[in-house]
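Below is one structure, written out as structure tokens; the observations come after it.
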Amino acid sequence: MSYAEEISRLRETIREHDRKYYILAKPKISDLEYDRLMQKLKELEAGHPELVTAESPTQRIGDKLAGDFETVLHRVPMLSIENTYSTGELLEFANRIQKNLPSEKIEWVVEPKIDGVAVSMIYENGLLVQGVTRGDGLKGELITHNVRTIRDVPLKLSGNHFPSLLEVRGEIYMGNSDFSRLNEHKTAAGATAYANTRNLVAGSIKQKDPKICAARPLRFFAHSVGSADGFTAENELDFLRELQDYGIPVVPLVHQSESMAEAIRYCEEVIENLYELDFEVDGLVLKVNRFDQREKLGSTAKSPRWVVAYKFEKYEAVTRLREIRVQVGKTGTITPVGELEPVQIAGTTVSRVSLHNAEEIQRKDIRVGDSVLVEKAGKIIPHVVRVECHLREKELPVYQFPTKCPECSTPLVQDGGGVYIRCVNPDCPAQLKERLRFFASRNAMDINGLGEKQIEKLVDSKAVTSFADLYHLTARQIERALYPAGERSAGTLLNDAEEEWAVEKEEEGTAGKKEKKYKSPDNLAAAIEESKHRGLARLLCAVSIRHVGAETAEILARHFKNIKALQTATPEELAGLNMIGEVVAKSIIDFFSGEFGRSLIAELEKAGVSMTLAPKDEPASEQIFAGKTVVVTGKLSRFKRDEIERLIKQYGGHATSSVSKKTDFLIAGEDAGSKRQKAAELGVKILTEEEFLSLLPETRENRLVREPG
Ligand code: IVH
């Protein structure tokens with residue numbers, strides 16, 4: 001048998017199985033066997049591309065037709081979108097496009113990829129005349145009777161300036177909250193719940209009786225155009241605006257980016273805030289904005305070349321919400337956290353989930369005891385998609401957000417926008433613990449040995465009620481707070497914090513002896529003492545002024561050099577500094593003019609904490625990296641990460657963490673992975689540690705790094 005014959009027979013067999021499966025609903029072979037046949041055909045065709053025809057089953061796009069409804073030929077085929085799963089692939093895609101459109105500026109539009117069911121809606125002279133499923137991409141089924149029941153879909157376009165023929169394409173979907181409610185009613189009536197939104201939508205629009213479809217809360221978002229006469233938009237953004245003018249709902253969260261790197265940043269932002277959306281999203285769609293460029297790029301048989309999907313794998317599980325706890329942050333923000341019955345999602349055990357804020361709990365009507373659908377999309381931290389209301393076995397009380405701080409009972413206050421709720425008591429012990437934890441952390445005052453457990457005990461025993469108290473502690477007081485009397489004799493059962501200290505002591509030389517000794521509280525006292533000399537930059541970061549992080553603190557310290565100069569700065573002077581806007585300036589002024597900030601600084605000064613710029617933070621005289629953005633990645637052999645970043649800043653540069661087109665240099669150590677690849681793709685200059693060092697002037701300090709030992 002010739003290859004041509006074999007191919008032709010296989011195609012016939014597959015078509016016959018398709019008919020049995022899709023049209024007669026009586027499959028004769030298993031899915032696996034079917035896949036094997038298809039795979040065989042693909043392999044044969046790959047070896048003989050000249051034998052591939054448009055009618056081959058391997059060339060079909062999308063789902064098959066059920067045969068229940070009248071079918072119509074799409075005026076323009078409904079293609080699919082090429083999928084990518086990493087930012088590297090996205091950059092490659094953008095490079096390919098740029099090669100096809102040399103020297104043209106390409107703008108990207110990012111939209112969420114709605115996880116719904118694709119349809120085409122045809123308007124003639126402003127009237128909805130047809131609704132068609134995607135079908136196999138070439139032909140679809142007429143579902144006009146059902147589409148007409150969707151409230152979002154206008155039967156008549158608004159205004160008088162619409163094209164005489166307009167084919168709008170988009171997704172029919174169901175909101176998560178509507179789905180929860182529907183299932184709740186369904187189970188209350190004794191029926192079984194629907195499994196998921198997508199299947200329910202697909203089932204609804206394939207109903208013969210439009211009343212059934214009408215009873216389901218279906219929604220619609222438009223995202224593209226099929227055929228149109230007299231259409232004026234020249235790009236995606238204008239197109240979507242135009243559709244809105246006609247009264248058609250369009251995909252939300254659309255964003256225009258000047259580069260793929262910027263588009264990727266936006267994608268990351270959307271992914272981080274997925275929990276805010278009431279509809280399901282299975283990725284993002286990135287499109288070339290201009291239609292003339294799209295035309296030049298054209299399509300393959302399966303998908304247009306101007307569009308790409310950035311997909312994330314979604315993993316979900318339903319579990320029980322045991323409790324809602326609220327955490328008090330260092331500036332008093334109250335964050336609700338859900339304690340879950342531990343559940344496996346994508347290989348990890350999830351037992352906690354952030355519920356973000358009070359509004360979120362209210363919007364999703366999350367109650368303690370509820371079964372919740374938890375989703376982990378990609379690498380992202382899990383979030384609650386919705387409550388499975390129908391699984392409520394009994395009526396659960398609506399969650400009441402605390403009105404008082406769980407730690408100090410001060411009445412809680414709603415922030416400007418109303419989303420954040422905070423404890424405004426500056427002496428709140430929970431806030432103090434959080435602030436102290438930050439104060440002692442590596443990027444701030446870097447107090448070795450002062451961790452969460454020690455802080456807990458120091459605050460609970462009232463040995464520490466402010467930052468300044470730390471500096472008045474004696475070793476004896478530390479010992480008393482950390483090891484209450486009676487627990488200090490050898491052989492006493494140690495708690496976790498003490499265990500840590502004891503183990504450290506063992507490592508110091510007593511290893512091997514059964515009896516554990518405590519690390520001397522003298523060490524902690526010494527570490528606290530040493531931290532007095534970290535300098536102004538770290539101090540400003542450590543005291544938790546709102547909107548002032550490590551970078552802003554450094555800018556302030558370098559500019560003002562001592563605390564007096566900063567305390568007397570005017571708002572104009574502050575806002576005039578690079579990287580400091582009005583909001584940050586106001587927050588700094590508020591801090592230094594308020595009673596809390598003023599006395600805090602005065603007390604620390606009295607305790608002997610340095611209030612001037614540390615010599616090593618002084619800007620170097622040769623600003624060789626002035627205005628340059630530098631990213632460090634990989635394992636370094638000559639520097640610690642924070643040391644090299646300090647040097648970059650000292651020589652005038654900016655150290656950031658993600659590579660973009662704006663990055664000037666990437667310093668790559670060993671095993672530098674995706675950042676190195678991205679830098680190479682973007683044409684960013686890549687330096688080794690040695691090359692970086694060779695750029696620095698010959699100072700004594702730099703020579704020491706160059707010639708260790
Ligand atoms: S644009 C291929 N934009 O995803 C034609 N499609 O997996 C261009 N989809 O067939 C389509 N959200 O049904 C576009 N914002 C969006 C979308 C979107 C969902 C669907 C669409 C497409 C499918 C491909």
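As the structure lists them, so they are numbered: ligands from 1, and atoms in each ligand from 1.
Taking every heavy atom of Leu79 and a limit of under 4.0 angstrom, the matching atoms of ligand 1 come to 2 (C), 10 (O). Each of the atoms 2 (C) of ligand 1 lies under 4.0 Å from some heavy atom of Ser80. Numbered from 1 in the order shown, with element, the atoms of ligand 1 that lie under 4.0 Å from a heavy atom of Pro112 read 12 (N), 15 (N). Ligand-side atoms of ligand 1 in range of Ala118: 13 (O), range being under 4.0 angstrom from any heavy atom. Against a heavy-atom cut-off of under 4.0 Å, Ile81 is close to the following atoms of ligand 1: 2 (C), 6 (N), 11 (C), 24 (C).
By the 4.0 Å heavy-atom criterion, Pro304 is counted among the residues contacting ligand 1. Gly170 does not count as a contact of ligand 1, since none of its heavy atoms falls under 4.0 Å from the ligand. Within the 4.0 Å heavy-atom shell around ligand 1 one does not find Ser303.
Checked against a 6.0 Å centroid threshold, the rings of Phe221 and Phe279 count as neighbours. For His390 and Tyr194, the gap between ring centers reaches or exceeds 6.0 Å.
Using bins of under 30°, 30° to 60° and over 60° for the plane-to-plane angle, the ring pair Tyr266/His255 lands in the parallel bin.
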Intermediate values then yes/no, salt bridge (Lys or Arg N to Asp or Glu O under 4.0 Å), Glu82 and Arg305: CA-CA 8 Å; Glu82 188 184 320; Arg305 290 203 187 84; over 6 Å; no
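Of all protein heavy atoms, the one closest to atom 12 (N) of ligand 1 is Ile114 N, 3.1 Å. In terms of protein heavy-atom proximity, atom 6 (N) of ligand 1 is closest to His223 CE1, 3.3 Å.
With sequence neighbours left out, the side chain to side chain donor-acceptor pair (under 3.5 Å) criterion links Ser657 to no other residue.
When all heavy atoms are compared, the tightest approach of Ile143 to Ile205 is CG2-O, 3.2 Å.
The one candidate from Glu375, Glu280, Glu316, Glu360 that meets the salt bridge (charged side-chain N to carboxylate O under 4.0 Å, His left out) condition with Arg386 is Glu280. Test Glu171, Glu111, Lys287 against His223 for side-chain hydrogen bond (donor to acceptor under 3.5 Å, both in side chains) and you get one pass: Glu171.
Applying the side chain to side chain donor-acceptor pair (under 3.5 Å) definition to pairs two or more places apart or across chains, none involves residues 155-165.
The closest non-hydrogen atom to atom 9 (N) of ligand 1, taken over Glu171, Arg169, Glu82, Glu111, comes from Glu171. Among Lys113, Met78, Lys287, the residue whose heavy atom sits closest to atom 3 (N) of ligand 1 is Lys287.
The shortest N or O to N or O distance between Val251 and ligand 1 is not below 3.5 Å.
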